[in-house]
Amino acid sequence: MAVFRFSMQNILNMKEKLEEQEKNNFSQANMRLLEAEEELERLRRRLVVKEEELREEVSALADIQEIRTRENAVEIVKMYVRQQHLVVLQREKEVEVARQRLHEAMKERKTFEKLREKAFDAFVREENQKEQKEIDELISYRHGVQGIQAGKTAGMENA
């Protein structure tokens, strides 16, 4: 029996490698998103601490300079929180782009896998047809040989 060779196997291999790369990119984008979200959560906890320190200073009737210093610290941390929130949004967009690219790579790979399956099915059908033709020829040959032998024996009996 002949060996099946998919004419576009190198393309399928390339698509599989591209899909693997996109999986890695997606994974890395997710990791960056998780890191950004963790940083945002850390900044939010820091903000809570700074706001609590400010309330303590105000309630203790501390000097104005200390209260202003604490207010500035709260505002700075709020600014960091806003900036980090923007980073998280950007990372979410990156993850979505990576997800779409991965989805596209998977579709392309699946398309070539289906083409390979169809080519293999056609190959199997063709091989089966060749085999059936050989069987038919063998049967015809045997039938013809038996007919000739039967004719020879009948001719000898008549003689």
Side-chain angles (χ1 to χ4, degrees), residues 1-60 62 64-142:
M1 183 169 173
V3 177
F4 173 70
R5 283 189 172 62
F6 182 49
S7 62
M8 293 184 276
Q9 185 64 45
N10 57 345
I11 297 172
L12 176 58
N13 293 342
M14 182 187 68
K15 295 296 182 183
E16 288 171 344
K17 287 178 184 177
L18 287 174
E19 180 182 357
E20 192 60 35
Q21 286 176 341
E22 292 303 333
K23 284 180 181 178
N24 289 336
N25 291 342
F26 179 70
S27 176
Q28 290 174 356
N30 267 330
M31 291 290 289
R32 287 190 303 271
L33 173 60
L34 290 175
E35 290 170 358
E37 288 173 339
E38 288 172 1
E39 177 65 13
L40 178 59
E41 186 57 35
R42 187 187 67 75
L43 286 170
R44 286 180 175 157
R45 287 191 305 267
R46 185 174 166 199
L47 178 60
V48 168
V49 169
K50 293 295 182 187
E51 287 174 336
E52 183 59 33
E53 288 175 358
L54 176 60
R55 278 191 288 281
E56 288 173 6
E57 285 294 326
V58 170
S59 64
I64 298 296
Q65 185 60 34
E66 187 62 29
I67 292 173
R68 286 190 179 139
T69 301
R70 305 268 180 187
E71 285 176 340
N72 287 339
V74 167
E75 289 304 314
I76 288 170
V77 174
K78 283 182 179 179
M79 180 188 66
Y80 289 152
V81 168
R82 285 190 297 272
Q83 287 176 341
Q84 190 62 30
H85 182 70
L86 294 175
V87 169
V88 167
L89 292 176
Q90 180 61 34
R91 297 291 187 261
E92 287 173 345
K93 288 178 185 176
E94 290 171 4
V95 167
E96 185 56 34
V97 167
R99 179 181 291 118
Q100 290 171 353
R101 291 180 65 177
L102 174 58
H103 179 71
E104 189 62 32
M106 289 173 72
K107 277 184 10 184
E108 289 178 7
R109 176 194 45 87
K110 287 179 181 179
T111 299
F112 278 92
E113 283 180 348
K114 286 190 187 295
L115 288 173
R116 184 179 191 278
E117 288 174 18
K118 287 180 181 179
F120 181 73
D121 290 344
F123 170 78
V124 168
R125 281 193 306 274
E126 185 177 313
E127 287 298 309
N128 287 340
Q129 287 174 349
K130 286 179 185 177
E131 187 176 311
Q132 188 61 46
K133 183 179 177 184
E134 288 174 6
I135 290 171
D136 291 346
E137 287 174 358
L138 183 61
I139 290 172
S140 294
Y141 174 76
R142 283 186 182 169

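- At a cut-off of 3.5 Å, with distance as the only test, a side-chain donor of D136 or Q132 sits close to an acceptor on the other residue.
- Under the side chain to side chain contact (heavy atoms under 4.5 Å, CB included) test applied with Q100, the options E104, E96, H103 reduce to a single match, E96.
- Salt-bridge formation is detected for the pair R91/E94: a Lys NZ or Arg NE/NH1/NH2 atom is positioned less than 4.0 Å from an Asp or Glu carboxylate oxygen.
- Between K130 and E126 there is a salt bridge, since at least one side-chain N of the basic residue sits less than 4.0 Å from a carboxylate O of the acidic one.
- Classification of E53 and K50 as a salt-bridged pair holds, one side-chain N sitting under 4.0 Å from a carboxylate O.
- Counting heavy atoms from C-beta outward, Q83 and V87 have side chains that stay 4.5 Å or more apart.
- Enclosure of atom CZ in R101 is not indicated, since only 12 or fewer non-hydrogen atoms of other residues, nucleotides or ligands lie within 6.0 angstrom.
- Distance alone, capped at 3.5 Å, is enough to place a donor-acceptor pair between the T111 side chain and the K107 backbone.
- Residues that satisfy the side-chain hydrogen bond (donor to acceptor under 3.5 Å, both in side chains) test with Q84, not counting sequence neighbours, are absent from this structure.
- When all heavy atoms of K15 and R109 are compared, the pair lying nearest together is CB-CA, 4.1 Å.
- Across every non-hydrogen atom of I67 and L54, the tightest pair is O-CD1, 3.6 Å.
- With respect to the salt-bridge test (charged N to carboxylate O, under 4.0 angstrom), the residues R70 and E66 qualify.
- Summarising the geometry of L43 relative to V77, their closest heavy-atom pair is O-CG1, 3.6 Å, with the distance given to 0.1 Å.
- Contact annotation: the side chain of E75 approaches that of K78 to within less than 4.5 Å [non-hydrogen atoms, C-beta and beyond].
- Checked by atom type, the side-chain pair N13/Q9 shows a donor-acceptor distance below 3.5 Å.
- Closest approach of M8 to F112, counting heavy atoms only: SD-CE2, 3.8 Å.
- Here the straight-line distance linking atom CZ of F6 with atom CD of E113 works out to 9.5 Å at 0.5 Å rounding.
- Ring planes of F123 and F4: tilted class, angle from 30 to 60°.
- Within 6.0 Å of atom CZ in R68, 12 or fewer heavy atoms from other residues, nucleotides or ligands are found, so the atom counts as exposed in its surroundings.
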